[in-house]
Amino acid sequence: MNSRLCVKNLPKHVSEKRFREHFSKIGEVTDCKIIKKEGRSRLFGFIGYLNEGDARTALKLLNNTYFDTSKIIVEKAMLIDDASVRPWSRYSQGSSAYDKIHKQEGEETKENKPKKVKTEQKENN
């Protein structure tokens, strides 16, 4: 496990300072970042600890707890190219939803194909 955590469902008004203070109760925080788009919080962020032990403790103690009025979800952060992360969208190749849709489309095209009819040739003697 690495020492970075992903925190989901943050309150929309929380600042990085309060975010850091809330998680520094567990151990020494090295970095924190709330993800924003066009100046508005996307309601999740990342928190980094000095060592893995503090990260494990924070994961255990703060997952499914309340930060103000929002129930937060704490997970270990994963690398973008991590093989254990799989696509989930029906538009992404490799997801089960994508495979199911395209399998059904494949079956439909098979059903719509004209069937070959065998013709018998009569021999003229």
Side-chain angles (χ1 to χ4, degrees):
M1 181 176 160
N2 61 21
S3 61
R4 287 183 57 87
L5 300 173
C6 177
V7 184
K8 299 177 182 178
N9 200 30
L10 287 170
K12 62 182 175 183
H13 62 275
V14 73
S15 66
E16 285 190 9
K17 181 181 176 187
R18 284 205 52 233
F19 184 43
R20 180 183 288 269
E21 288 172 357
H22 186 76
F23 280 83
S24 65
K25 297 172 188 172
I26 304 298
E28 188 175 344
V29 173
T30 57
D31 61 293
C32 75
K33 175 76 176 171
I34 295 175
I35 306 303
K36 297 181 179 184
K37 184 175 184 178
E38 298 176 7
R40 296 178 60 196
S41 173
R42 295 203 43 216
L43 307 181
F44 75 96
F46 296 95
I47 196 88
Y49 283 97
L50 187 61
N51 58 52
E52 289 183 24
D54 289 343
R56 272 193 218 100
T57 303
L59 178 64
K60 184 178 177 183
L61 295 178
L62 296 176
N63 187 29
N64 290 320
T65 60
Y66 285 88
F67 187 1
D68 292 342
T69 58
S70 298
K71 188 174 184 179
I72 59 172
I73 299 167
V74 181
E75 300 174 341
K76 65 180 186 174
M78 298 198 187
L79 297 174
I80 292 174
D81 61 346
D82 191 350
S84 66
V85 177
R86 66 177 193 84
W88 55 268
S89 170
R90 66 180 177 175
Y91 304 108
S92 300
Q93 284 184 335
S95 71
S96 58
Y98 179 89
D99 293 341
K100 188 183 293 182
I101 290 169
H102 287 81
K103 181 180 177 186
Q104 289 174 352
E105 287 176 1
E107 289 173 359
E108 288 174 7
T109 57
K110 286 180 185 175
E111 291 172 4
N112 295 338
K113 282 185 182 178
K115 295 181 180 179
K116 292 184 180 177
V117 179
K118 290 184 180 179
T119 57
E120 293 181 21
Q121 293 181 351
K122 293 184 180 179
E123 291 181 21
N124 293 329
N125 290 346

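If you're wondering where the values come from, they're calculated on a predicted model, not measured in any experiment.
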For Arg18, the salt bridge (Lys or Arg N to Asp or Glu O under 4.0 Å) test, sequence neighbours excluded, returns Asp68

Taken to the nearest 0.5 Å, the spacing of Leu62 CG from Ile72 CD1 works out to 5.5 Å

Distance col, row Ile47:CD1 vs Asp54:CG, nearest 0.5 angstrom, shows 11.5 Å

(Q) Evaluate Leu43 against Lys8 for side-chain contact (heavy atoms from CB on, under 4.5 Å), listing each step before the verdict. (A) CA-CA 6 Å; Leu43 307 181; Lys8 299 177 182 178; over 6 Å; no

(message) Please say yes or no: joined through hydrophobic side-chain contacts below 4.5 Å, possibly via intermediate residues, are Val14 and Ile35 part of one cluster?
(response) no

Under the side-chain contact (heavy atoms from CB on, under 4.5 Å) rule, what do Phe19 and Leu10 come out as? Steps first, then yes or no, please. CA-CA 9 Å; Phe19 184 43; Leu10 287 170; 3.8 Å; yes

Interatomic distance, CD@Glu75 vs CG@Asn63, rounded to 0.5 Å, equals 7.5 Å

Separation between NZ (Lys25) and CZ (Phe23), nearest 0.5 Å, reads 10.0 Å

Verdict with reasoning, Ser3 to Asn51, per side-chain contact (heavy atoms from CB on, under 4.5 Å)
CA-CA 6 Å; Ser3 61; Asn51 58 52; 5.9 Å; no

Same cluster or not: Leu59 versus Phe46, using hydrophobic residues (I, L, V, M, F, W, Y) connected whenever any side-chain heavy atoms lie under 4.5 Å apart? no

Check: Mind checking whether Leu50 and Leu5 sit in one hydrophobic cluster, side chains of I, L, V, M, F, W, Y counted as touching below 4.5 Å?
Finding: no

Residue pairs passing the side chain to side chain donor-acceptor pair (under 3.5 Å) test with at least one member in residues 27-37, sequence neighbours excluded, are Arg4-Asp31

Between the CD atom in Glu52 and the CZ atom in Arg56, the distance rounded to the nearest 0.5 Å is 5.5 Å

Check for me, please, whether Ile34 and Phe67 land in the same ILVMFWY cluster - side-chain distances under 4.5 Å, paths through other members count. yes

Output for pair (Cys32 SG, Tyr49 OH), nearest 0.5 Å, gives 10.0 Å

Query raised in the report: Are Ile101 and Tyr98 connected, step by step, through hydrophobic side chains (Ile, Leu, Val, Met, Phe, Trp, Tyr) whose heavy atoms are closer than 4.5 Å?
Result: no

Has the side chain of Asn9 got a donor or acceptor atom that lies under 3.5 Å from a matching backbone atom of Ile73?
no

